[in-house]
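Okay, so here's the structure we're looking at.
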Amino acid sequence: MQIVHERPGDAALIDALLDTAFGPGRTTKTVYKLREGVPHDPSLAFVALEDGQLRGSIRYWPLLLGEARVPSIMLGPLAVDPAYKGQGYGKALMRHSLAHAASLGHRSVILVGDPEYYNPFGFTREKALGLQLPGPVEERRFLGLELVPGALDGVTGMIHPALPAAPQIRRGVRRYAA
Ligand SMILES: CC(C)(COP(=O)(O)OP(=O)(O)OC[C@H]1O[C@@H](n2cnc3c(N)ncnc32)[C@H](O)[C@@H]1OP(=O)(O)O)[C@@H](O)C(=O)NCCC(=O)NCCS
């Protein structure tokens, strides 16, 4: 198995994989409100390959936490080809991407997912208790992880999408030679 950065040619296969794993209605979920108009972070997008074939994918989105707009990232979607479930692809994508996120200086990670799967990686409900998502989710599945101890201490309020900065419109008086 190889874990490599997602390549431009992987996008169509990943879309199909996500439709299979989560159903075509996946984009109506609350977490997609935090992804609308925001590209995923390419430095944290990885695919798992076996003999060059795509077996799984993980992506992360940038976020801003609470009124203090503390930068963070949202893990997901994570999906493995159903024909290859239970062979360690998911865990390998998790470990690799979280280690990479920490090495890039990210301080915390938020996700909505099954605690039974994510608790062993250190995600807990407790770390996200002070935070709110912009729509309904099953409370027990809303989890947080500190990559730097204390990074989520006192961080409370609504989670916002990290929208790209609007292009600057240069206003000024243009002078023409007479
Ligand atoms: C969840 C998913 C990414 C796991 O990937 P995977 O490659 O099959 O998992 P791994 O081989 O790394 O790990 C398998 C272990 O995870 C457990 N597991 C898998 N899905 C689980 C879930 N939803 N809840 C709890 N445990 C789960 C398995 O029981 C197994 O446990 P074991 O190691 O004690 O035997 C994959 O099954 C998938 O794509 N599911 C559909 C999409 C999804 O639910 N994504 C995550 C949702 S937020």
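Remember, predicted model here, so these are calculated numbers, not experimental data. Counting convention: from 1, in listed order, for ligands and their atoms alike.
Lys85 CE, 3.8 Å is the protein heavy atom nearest to atom 40 (N) of ligand 1. When hydrogens are left out, the protein atom nearest atom 41 (C) of ligand 1 is Ala21 CB, 4.0 Å; that is the closest non-hydrogen contact. Of the protein's non-hydrogen atoms, the one nearest atom 7 (O) of ligand 1 is Gly90 N, 2.8 Å. Considering only non-hydrogen protein atoms, atom 44 (O) of ligand 1 sits nearest to Phe22 CE2, 4.1 Å. In this structure, the protein non-hydrogen atom closest to atom 13 (O) of ligand 1 is Lys91 CE, 3.5 Å. With respect to atom 19 (C) of ligand 1, the closest heavy atom belonging to the protein is Tyr117 CD1, 3.8 Å. Among all non-hydrogen protein atoms, the one lying nearest atom 45 (N) of ligand 1 is Leu78 O, 2.9 Å.
A centroid separation of less than 6.0 Å is found between the aromatic rings of Phe46 and His5.
For atom 29 (O) of ligand 1, no protein non-hydrogen atom is found at a distance below 4.0 Å. Protein heavy atoms are found inside the 4.0 Å sphere centred on atom 48 (S) of ligand 1. When distances from atom 2 (C) of ligand 1 to the protein are checked, no heavy atom turns up under 4.0 Å. Under the 4.0 angstrom criterion, atom 10 (P) of ligand 1 counts as having a protein heavy-atom contact.
Annotation: side chain of Leu44 is in contact with side chain of His106 (closest heavy-atom distance under 4.5 Å). The closest side-chain heavy-atom distance from Pro161 to Pro134 is not below 4.5 Å. For the pair Leu49/Arg7, a side-chain contact is recorded, criterion being any heavy-atom separation below 4.5 Å from C-beta on. Residues Ser57 and Asp10 have side chains not in contact (no heavy-atom distance under 4.5 Å, counting atoms from C-beta outward). Residues Glu6 and Arg59 form a side-chain contact, since some pair of their non-hydrogen atoms from C-beta on lies under 4.5 Å apart.
Between Phe142 and the choices Lys127, Arg125, Gln132, the side chain to side chain contact (heavy atoms under 4.5 Å, CB included) rule is met once, by Arg125.
The shortest N or O to N or O distance between Tyr118 and ligand 1 is not under 3.5 Å. In terms of polar-atom proximity, Val112 is not counted as a contact of ligand 1, lacking any N or O under 3.5 Å from an N or O of the ligand. Considering backbone and side-chain N/O of Val80, one or more are found under 3.5 Å from N/O of ligand 1. Of the N or O atoms in Gly113, none lie within a sub-3.5 Å distance of an N or O in ligand 1.
The shell of residues lying under 4.0 angstrom from ligand 1, judged by heavy atoms, excludes Gly76.
Close approach to Asp114 involves these atoms of ligand 1, each under 4.0 Å from a residue heavy atom: 22 (C), 23 (N), 24 (N). Close contacts of ligand 1 with Glu116, meaning ligand atoms under 4.0 Å from a residue heavy atom, involve 25 (C).
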### Message
Between Leu133 and Leu34, does the side-chain contact (heavy atoms from CB on, under 4.5 Å) criterion hold? Intermediate values first, please.
### Response
CA-CA 9 Å; Leu133 287 160; Leu34 296 167; 3.7 Å; yes

#### Entry: Worked verdict on Leu54 versus Tyr84 for side-chain contact (heavy atoms from CB on, under 4.5 Å)
CA-CA 10 Å; Leu54 191 139; Tyr84 297 92; over 6 Å; no

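Taken to the nearest 0.5 Å, the CZ atom of Arg26 stands 9.5 Å off from the OG1 atom of Thr20. Summarising the geometry, atom CG belonging to Leu13 is positioned 8.5 Å from atom CD belonging to Gln53; distances are rounded to the nearest 0.5 Å.
Put simply, Met74 and Val155 are part of the same group of oily side chains (I, L, V, M, F, W, Y) that touch within less than 4.5 Å, one to the next.
If you look at Met94 next to ligand 1, there are no close heavy atoms at all, none under 4.0 Å.
Considering Gly56, Gly86, Ala92 only, the shortest heavy-atom separation from atom 14 (C) of ligand 1 involves Gly86.
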